[in-house]
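See structure below.
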Amino acid sequence: MVTGVIAELDGEYDFSPIDWIDYDEVDYLSIVSKPQRYTLLHGYITGVYQYHLEYALDKHFYHDVIENLLSIFDTYGYESEELKRIEREFENIDAEDSDDNISKLAYQLLSYYDKTLFKYVVEDTFTVLFQNKVFLRDFNLKIAELINSLKYHEYPDILSSDGVLKRCNLPEWLKQGVFYRDKGKCQLCGTDLSRLLNNDFKIHYDHIIPLDLGGTNDPTNFQLTCSICNLNKGARNCNTKNIGTLFWDMEE
């Protein structure tokens with residue numbers, strides 16, 4: 001699912017975040033005006049996967065849908081009597097079976113998947129993508145296209161001016177999540193902000209896409225920076241990096 005979401009964001013197919021918001025009539029403003037645990041990216045991941053499955057079913061690719069879902073259940077080591085029943089029926093299907101029989105089984109498996117495993121797949125996909133700040137920047141740049149078109153007189157409760165969302169206080173769960181993801185390091189210069197080694201730098205939770213450029217208060221639009229980098233970055237800059245920490249020195 002990770003590669004599918006990245007491909008959609010890159011425009012490889014035809015389901016960008018803006019397409020998804022329009023297609024599913026998503027109330028995105030209620031999500032991005034203040035931090036929500038279920039982020040806009042959670043919703044987009046869900047939308048992309050459902051869109052792909054709907055497309056496959058609409059094109060009568062029933063075998064592909066069943067094989068795909070069964071492989072996901074197998075990857076997660078999920079077992080149940082209901083799943084075993086569906087697997088047995090699928091194994092017994094032959095070329096003479098009608099589309100009605102195989103389609104019925106495909107929809108049964110999809111319904112069972114939605115009720116059991118799907119939310120965990122979405123969370124795991126989010127966990128991978130949330131660590132890629134270049135992806136997050138590109139994702140939030142797409143959403144900024146929508147924010148930039150908003151007028152203050154139409155949305156005075158959430159905008160500070162045309163195309164600019166109001167700044168909000170960040171909840172502790174978000175600060176902890178961003179700090180943990182970024183491993184206590186400034187994501188622009190790599191300075192240690194854990195205060196285990198020094199206490200010289202103040203922690204800043206920086207909007208990757210500044211509010212002045214249509215950035216949001218969605219958790220996916222924050223990164224850890226030091227005070228110097230944050231002040232130098234300013235309100236017209238969308239810089240970010242994927243700064244990680246090596247577990248051991250490869251040169252020794």
Side-chain angles (χ1 to χ4, degrees), residues 1-28 30-31 36-132 134-136 138-139 142-143 177 181 218-220 242:
M1 188 184 291
V2 171
T3 55
V5 175
I6 293 175
E8 291 291 0
L9 186 68
D10 289 342
E12 186 171 327
Y13 302 108
D14 193 27
F15 205 62
S16 72
I18 295 177
D19 295 323
W20 160 65
I21 288 171
D22 182 61
Y23 182 79
D24 283 354
E25 298 181 343
V26 178
D27 181 16
Y28 72 99
S30 66
I31 302 174
Q36 310 288 327
R37 293 175 187 267
Y38 187 87
T39 71
L40 200 65
L41 181 55
H42 283 95
Y44 183 54
I45 293 167
T46 300
V48 166
Y49 199 62
Q50 289 177 337
Y51 176 77
H52 283 188
L53 286 172
E54 288 172 5
Y55 178 84
L57 291 171
D58 184 58
K59 295 298 182 181
H60 296 183
F61 298 147
Y62 302 125
H63 280 83
D64 292 343
V65 170
I66 292 174
E67 289 174 351
N68 179 35
L69 294 179
L70 287 177
S71 70
I72 294 174
F73 278 110
D74 183 61
T75 298
Y76 276 79
Y78 190 95
E79 296 182 357
S80 72
E81 291 303 316
E82 176 67 8
L83 188 59
K84 291 178 181 178
R85 178 192 67 79
I86 294 174
E87 286 180 305
R88 286 195 300 269
E89 291 190 24
F90 183 56
E91 291 171 356
N92 292 330
I93 287 176
D94 55 42
E96 296 181 358
D97 277 309
S98 67
D99 269 359
D100 287 343
N101 290 336
I102 188 66
S103 67
K104 181 179 178 181
L105 194 62
Y107 280 103
Q108 284 180 0
L109 182 57
L110 178 58
S111 176
Y112 186 67
Y113 174 68
D114 285 342
K115 291 186 294 186
T116 57
L117 200 58
F118 185 49
K119 63 180 180 180
Y120 300 107
V121 175
V122 170
E123 285 288 357
D124 287 345
T125 304
F126 174 82
T127 298
V128 173
L129 293 175
F130 188 62
Q131 297 179 72
N132 186 338
V134 174
F135 170 86
L136 297 182
D138 293 344
F139 176 76
K142 296 289 186 183
I143 306 305
R181 180 200 65 192
D218 191 71
T220 61
N242 284 319

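Of all the heavy atoms in Q36 and P219, the pair that sits closest is O-CG, 3.4 Å. Shown here for G47 and F15, the closest heavy-atom pair between the two residues is O-CE2, 3.4 Å. Counting all heavy atoms, side chain and backbone alike, Y62 lies closest to S103 at CZ-CB, 3.3 Å. The two residues R181 and F130 have their closest heavy-atom pair at CD-O, 2.9 Å.
Side chains of F135 and V5 form a contact here, defined as non-hydrogen atoms less than 4.5 Å apart. L83 places a side-chain heavy atom less than 4.5 Å from the side chain of L109. In this structure, the side chains of L40 and T220 stay at 4.5 Å or more apart for every pair of heavy atoms. Side-chain contact between F73 and L117 is present, with at least one heavy-atom pair separated by less than 4.5 Å. With contacts defined as side-chain heavy-atom distances shorter than 4.5 Å, the pair D218/I143 does not qualify. Contact check for Y38 versus T46: side-chain heavy atoms found under the 4.5 Å cut-off. With contacts defined as side-chain heavy-atom distances shorter than 4.5 Å, the pair K104/D100 does not qualify. Proximity of F90 to I102: side-chain heavy atoms (C-beta onward) are separated by under 4.5 Å at one or more points.
T125 places a side-chain N or O within 3.5 Å of a backbone atom of V121 that can act as its donor or acceptor partner. Side-chain atoms of N68 never come within 3.5 Å of backbone atoms of D64 as a donor-acceptor pair (strictly under, hydrogens ignored). A donor-acceptor pair under 3.5 Å is absent between the side-chain atoms of H52 and the main chain of Y49, judged by distance alone. No donor-acceptor pair closer than 3.5 Å links the side chain of D58 to the backbone N or O of Y55.
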Margin query: Is there a side-chain contact (heavy atoms from CB on, under 4.5 Å) between N101 and I93? Walk through the geometry before answering.
Written below: CA-CA 9 Å; N101 290 336; I93 287 176; 5.7 Å; no
Margin query: Does E8 form a side-chain contact (heavy atoms from CB on, under 4.5 Å) with W20? I'd like the steps, not just the answer.
Written below: CA-CA 10 Å; E8 291 291 0; W20 160 65; over 6 Å; no
Next item on the list: Apply the test side-chain contact (heavy atoms from CB on, under 4.5 Å) to residues N132 and V128: give CA-CA distance (whole Å), side-chain angles for both, the deciding distance (0.1 Å), then the verdict.
Entry: CA-CA 7 Å; N132 186 338; V128 173; over 6 Å; no
Notebook entry, point to check: Does the pair L129 and I6 meet the rule for a side-chain contact (heavy atoms from CB on, under 4.5 Å), with working shown?
Noted result: CA-CA 9 Å; L129 293 175; I6 293 175; 3.9 Å; yes
Next item on the list: Evaluate ring pair (Phe, Tyr, Trp, His ring centres under 6.0 Å) for Y76 paired with Y120, printing each intermediate quantity in order.
Entry: CA-CA 10 Å; Y76 276 79; Y120 300 107; 7.8 Å; no
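For the atom pair I66 CD1 and Y113 OH, the distance stands at 14.5 Å (nearest 0.5 Å). In this structure, CG on L53 lies 8.0 Å from CD on Q50, to the nearest 0.5 angstrom. Atoms CD1 and CD1, from I31 and I21 in turn, are 8.0 Å apart once rounded to the nearest 0.5 Å.
Ring pair Y112/Y78 is perpendicular by interplanar angle, where above 60° counts as perpendicular and below 30° as parallel. Between Y23 and Y51, the ring planes are perpendicular. Angles over 60° get that label, and only those under 30° would be called parallel.
Residues passing the side chain to side chain contact (heavy atoms under 4.5 Å, CB included) test with D114, sequence neighbours excluded: L110, F118. Applying the side chain to side chain contact (heavy atoms under 4.5 Å, CB included) criterion to R37, with sequence neighbours excluded, gives W173.
For residues 68-86, the set of pairs meeting the salt bridge (charged side-chain N to carboxylate O under 4.0 Å, His left out) definition, not counting sequence neighbours, comprises E81-K84, E82-R85, R85-E89.
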